[in-house]
Amino acid sequence: VPVVTPVRDSEVVSDTSTDIDRPWVVLVWNDPINLMSYVTYVLQKVFGFAREKAEILMLDVHQKGRAAVFSGAREKAEMHVFRLHEHGLWATMQQDD
Amino acid sequence: MRPRSPFKINADGSVKVTLAAWKRQLLTDLPSQLKELMGSNSSSNRRLFPNAYVGDEEREEEYQRYMREELLASRMAAATILSESAKKTQITTDELATWVNVCNSIRLVLGTQLDVSEDDDPIEPDDPNLQTHQLYWWLGFMVECGVQTLSKGFTS
């Protein structure tokens, strides 16, 4: 008979850590108005992405309906969402699960 | 045939603007109309002030409380810059970025009013919204040309 139950221990630890560390994800959603070239340009401007990376994300938005463009702290995510809104992109944020 | 871009980068990094007088007049007048619309609670505004949080009303309310004013102020300032620089034949790349931003904002309003979708049929000549569609298309052309010019400045 085991003396300790390691599974339960690790569950407790991981629960606490995911609650604090679960990053916020910024999503850009597809919309029928913004031009593809404009979306690429805004992603380059706001995040400093190379053109190739910005184009891949833009195509994800266009073809899959959305793309995750940032993951990290809530304050930073809010700042990025604001900048994307300022440029007319349809962006939202949510905590990763 | 594709119309020529109105923007050309000069040797000193500034941007030369070639546009007919009536188009410059449009770029002077449209931002004022945009400002008026932003001051109202018209539903054509909705793409200009999107939600940040989905499915979290409390956080969304807090976000809007702090950020909506700032977003409005930023849009108002940008609209003023476009209407005040629309008649210049030479602008900075920062000004061009603002032109692109405001032209895109106006497109968002017009696109919302016209309820455009990605697979719309071509517009018929007798469409009652023909003029709005033409304006929407022209603003798209301005955005496209502006983006092309500005993208040359990205070092990537």
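The chains referred to below are lettered A, B, ... by the order of the sequence lines, with proteins before strands, and numbering in each begins at 1. Keep in mind that this is a model prediction, so the values were computed, not measured.
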Structural part of [X] lying under 4.5 Å from a heavy atom of chain A:
{"X": "B:Tyr136", "answer": "side chain"}
{"X": "B:Glu70", "answer": "both"}
{"X": "B:Ala78", "answer": "neither"}

Could you state the interatomic distance from [atom1] ([X]) to [atom2] ([Y]), rounded to the nearest 0.5 Å?
{"X": "A:Asp31", "Y": "B:Ser117", "atom1": "CG", "atom2": "OG", "result": "12.0 Å"}
{"X": "B:Phe154", "Y": "A:Phe49", "atom1": "CZ", "atom2": "CZ", "result": "12.0 Å"}
{"X": "B:Arg107", "Y": "A:Tyr38", "atom1": "CZ", "atom2": "OH", "result": "10.0 Å"}
{"X": "B:Ser74", "Y": "A:His85", "atom1": "OG", "atom2": "NE2", "result": "12.5 Å"}
{"X": "A:Leu89", "Y": "B:Asn104", "atom1": "CG", "atom2": "CG", "result": "8.0 Å"}
{"X": "A:Met93", "Y": "B:Asp56", "atom1": "CE", "atom2": "CG", "result": "9.5 Å"}

Against chain B, label [X] side chain, backbone, both or neither, depending on which of its atoms sit under 4.5 Å from a heavy atom there.
{"X": "A:Gln94", "result": "neither"}
{"X": "A:Lys45", "result": "both"}
{"X": "A:Arg74", "result": "side chain"}

Distance-minimising heavy-atom pair for A:Asn34 and B:Arg47 = ND2-NH2, 3.5 Å
Do B:Tyr53 and A:Glu78 have side-chain N/O donor and acceptor atoms under 3.5 Å apart?
-> yes
Could you tell me which of A:Leu27, A:Thr92, A:Leu84 has the largest number of non-hydrogen atom pairs under 4.5 Å with chain B?
-> A:Thr92
